[in-house]
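Let me give you the structure first, and then I'll get to my questions.
Sequence lines set the chain letters: A, B, ... in the order given, protein chains first and strands last, and positions in each chain run from 1.
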2 protein chains.
Amino acid sequence: MADVARLAGVSAQTVSRVSTGHPGVLESTRREVLNAMQQLGYRPNSAARALKRGEFRTIGVILFTLATTGNSRTVEAIAAHAAREGYAITLIPVAVPTQDGVLGAFTRLGELAVDGIVVIMEVHLLDAVDLTLPPGVPVVVVDSDAGDRYPVVDADQAEGARQAVRHLLELGHETVWHVTGPDDSFSSARRAAAWREVLDQAGRPAPECEHGDWSAESGYRAGRKLAARPDCTAIFVANDQMALGVLRALHEAGRRVPEDVSVVGFDDIPDAASYMPPLTTVHQDWPEVGRRCVQALLEQINRHAVPPGTVLVPTRLIARESTGPAAS
Amino acid sequence: MADVARLAGVSAQTVSRVSTGHPGVLESTRREVLNAMQQLGYRPNSAARALKRGEFRTIGVILFTLATTGNSRTVEAIAAHAAREGYAITLIPVAVPTQDGVLGAFTRLGELAVDGIVVIMEVHLLDAVDLTLPPGVPVVVVDSDAGDRYPVVDADQAEGARQAVRHLLELGHETVWHVTGPDDSFSSARRAAAWREVLDQAGRPAPECEHGDWSAESGYRAGRKLAARPDCTAIFVANDQMALGVLRALHEAGRRVPEDVSVVGFDDIPDAASYMPPLTTVHQDWPEVGRRCVQALLEQINRHAVPPGTVLVPTRLIARESTGPAAS
DNA sequence: GCGCGTCATGTTTGCGTAAACATCAGGTTG
DNA sequence: CAACCTGATGTTTACGCAAACATGACGCGC
């Protein structure tokens, strides 16, 4: 910076004013300084800037995996919106989903240069984390149960699941089978609870669940069991990938979809429209979830506003051929 | 830090020594200091640390999208390995894949606190970027043509595509059709070039390509055209998602896979094993790509080593039922 | 034409840390 | 026992920037 100042024939402070866009600099001087910056390839040192200002303009995202469509799409949206607000994103992967792993990640985060944290963790390990959080750092939680400790942003998974099950009942099925996600997943638990709730309200018996792990392979295994039951005519699968496996299992067993069995998935991943047959599923608006995360975090950072409780992003059922004749 | 020093009854410098793990501190003193840290909830300020040390222990990752399996898996691996080395990951999304968008992202990166940069960009926009890169910052490029300006890490896509096409020829097909990815994609271009190369070497005519955009939907459109050609009996699709669409198109046209048409994909996404039929495809080792990225970058950062040219991570064909009877 | 406000710019200072150097106690050697 | 070393700790300083305050030039009104 001193070099730039010298070259432009001004003081370092004036260079600072130009680089931060402060007013009160003569247009001619500004051009002079910008010119000198260009010439010397000057880049402001963000560490010094952060040190001086006491903020990093960075948001930390702590998560288990990017391998699920939902997580990666949400992170992408967070990054995009954060960038728009002049914030960068720091990714903190928790390698091992154990309490130690979480603690380690949070410890690293504590030493990290972030102004706020988004936690994307579907499993029940958040409890361990409280004390480790650097005090005073705003937090937003996605896809997990934060109690009332942190604001939560999430898709309205319960409503989506209700729509799915109701849709199947309205098609005339006596009841609806369910393939769950992993047992330690909150999303899975909420989808299953909503499924059970709708069946109860309709006075229908809730068959025993099959349990999967989100993967297509696990869906296939669950689907084989369900395909063997002639009384199973409607299946609500907790995500689209497992639904893919279920479809294959039904196909191999000679049970036609949707004529013999109707299938509904969850997530509306892009591929779902190209399954055989195209999958009826619940659409999740991940970009919106990401946007609301950033918004909630920035509210805390900038306006020191009180956490806004839980923000639910709407979900909606997309009817395709796996539950009936082509909708288009 | 001063507070900790006061509470522990030592100087700030001793606190610093403890927090950086420097030797030459009496065990009793060290315990005292750690105790005081705990009590006061002291966290080293990373901005000040970075300012003093002149390094951020952060790697910037610049990319277009996390929506593709390859990108998100690669980023995940980069983050995991970087974390292991004590580095954090900063994500820089390029919202608009235009030259301006790239320049904007690189400008942001220039001001950003990173010790090195991984560029994950499959399109041809890298050229514009040279001048904007902060000079002296190590760079590694993935999935793109960096010429000889930067070291490149990538999966051996050409070899994977060759294996795929050879496999189809060995099954006795007269020639192999091809569905490409988007025109501006390097991966797509390399896979297509390798496809053409094998056909040429075998003295087979190369049919005209169908062009997709990586999406299952575009694969479906391409598949409909190919399904209408009775002479098309073998298709190499440039990624698994498009292959999903191709499979559906063939199914709807009444052409059986693999009896009438053999199909090979690329990527080996987890779902591919659950397609109907399970898809023969080329496995890419994204975790390894991520690992090598970090390794190449750290070599530059720590040892100021010369860029190691191009690192190719092996790929391999996974034969499944879409090209023949069940392999298992 | 004197006082005062306004605006562009310069000077001083300190953010939290760690390297470099200084100090000091205790021990070792010839 | 003096000269010297070693190892633990303290003191000074600078990293690059920007807020706060200081300066100084100019113009305006009365």
Tell me, please, which residues at least two apart from B:Arg6 pass salt bridge (charged side-chain N to carboxylate O under 4.0 Å, His left out).
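Counting only residues at least two positions away or on another chain, B:Arg6 forms a salt bridge (charged side-chain N to carboxylate O under 4.0 Å, His left out) with B:Asp3.
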C:dG16 P sits how many Å from B:Arg6 CZ, rounded?
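For the pair B:Arg6 CZ and C:dG16 P, the rounded distance is 12 Å.
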Rounded to the nearest angstrom, tell me the gap between atom CG in A:Asp3 and atom P in D:dC15.
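One finds 12 Å between P of D:dC15 and CG of A:Asp3, rounded.
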For atom CG of A:Asn45 and atom C1' of C:dT17, their distance in whole Å:
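These atoms are roughly 14 Å apart.
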Of all pairs that satisfy side chain to side chain donor-acceptor pair (under 3.5 Å), the ones with a partner from residues 56-67 of chain A, not counting sequence neighbours
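Output for this query lists A:Glu55-A:Arg57, A:Thr65-B:Glu76.
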Start with the C-alpha distance between A:Val10 and A:Val15, add both sets of side-chain angles, then the distance that settles side chain to side chain contact (heavy atoms under 4.5 Å, CB included), and finish with yes or no.
CA-CA 7 Å; A:Val10 298; A:Val15 177; 4.0 Å; yes
Are there over 12 heavy-atom neighbours, none belonging to B:Glu27, within less than 6.0 Å of that residue's CD?
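Yes, enclosed.
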Counting just side-chain N and O atoms, does A:Arg49 come under 4.0 Å of either OP1 or OP2 of D:dA18?
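Result: yes.
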What residues in residues 10-17 of chain A put a non-hydrogen atom under 4.0 Å from any atom of DNA chain C?
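When residues 10-17 of chain A is checked for heavy atoms under 4.0 Å from DNA chain C, the hits, listed by number, are A:Val10, A:Ser11, A:Gln13, A:Thr14, A:Arg17.
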Quick one, B:Met121 with B:Val142, criterion side chain to side chain contact (heavy atoms under 4.5 Å, CB included). Give me CA distance, side-chain angles, the key distance, then yes/no.
CA-CA 7 Å; B:Met121 281 196 300; B:Val142 182; over 6 Å; no
Could you tell me whether the side chain of B:Ser188 and the main chain of B:Ser185 form a donor-acceptor pair under 3.5 Å?
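No: the side chain of B:Ser188 does not pair with the backbone of B:Ser185.
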Set of residues satisfying side chain to side chain donor-acceptor pair (under 3.5 Å) with respect to A:Ser19, sequence neighbours excluded:
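With sequence neighbours excluded, A:Ser19 shows a side chain to side chain donor-acceptor pair (under 3.5 Å) to A:Arg49, given in chain and number order.
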Between B:Ile89, B:Ile78, B:Thr74, which is the residue that forms a side chain to side chain contact (heavy atoms under 4.5 Å, CB included) with B:Val118?
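Testing B:Val118 for a side chain to side chain contact (heavy atoms under 4.5 Å, CB included) against B:Ile89, B:Ile78, B:Thr74 leaves exactly one candidate, B:Ile78.
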Starting at CD of A:Glu55 and ending at C1' of D:dA18, how long is that distance when rounded to a whole Å?
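The answer, rounded to whole Å, is 12 Å.
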Which nucleotide in the set D:dC17, C:dA19, D:dA18 lies at the smallest distance from any side-chain heavy atom of A:Arg53?
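Given the options D:dC17, C:dA19, D:dA18, the side chain of A:Arg53 is closest to D:dA18.
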Measure from NZ on A:Lys52 to P on D:dG16 and round the result to the nearest Å.
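So the two atoms are 16 Å apart, to the nearest Å.
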Write down the distance between CG (A:Leu51) and P (C:dT13), rounded to a whole number of angstrom.
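For the pair A:Leu51 CG and C:dT13 P, the rounded distance is 18 Å.
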Dump the intermediate steps for side chain to side chain contact (heavy atoms under 4.5 Å, CB included) on A:Asp154 and A:Val313, then the final yes or no.
CA-CA 6 Å; A:Asp154 204 356; A:Val313 174; over 6 Å; no
Give, ordered by number, those residues of residues 22-30 of chain B having at least one heavy-atom distance below 4.0 Å to an atom of DNA chain C; if nothing qualifies, reply none.
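Residues of residues 22-30 of chain B under 4.0 Å from DNA chain C: B:His22.
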Degree of bending, the helix from C:dG1-D:dC30 to C:dG30-D:dC1 (end axes from five pairs; round to 10°)
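The helix from C:dG1-D:dC30 to C:dG30-D:dC1 shows an end-to-end axis angle of 50°.
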List the atom of A:Val75, the atom of A:Leu63, and the distance in Å for their closest heavy-atom pair.
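Nearest pair, atom of A:Val75 first, then A:Leu63: CG2-CD2, 3.4 Å.
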Is it true that a side-chain atom of A:Glu85 and a backbone atom of A:Leu298 form a donor plus acceptor pair closer than 3.5 Å?
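The answer is no, because no donor-acceptor pair under 3.5 Å joins these two groups.
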Nearest whole angstrom, please: distance from the C1' of C:dT9 to the CZ of A:Arg31.
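Spelled out: CZ on A:Arg31 to C1' on C:dT9 is 18 Å.
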Grab the CZ-P distance between B:Phe56 and C:dG16 for me, whole Å please.
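Atom-to-atom, B:Phe56 to C:dG16, this comes out as 18 Å.
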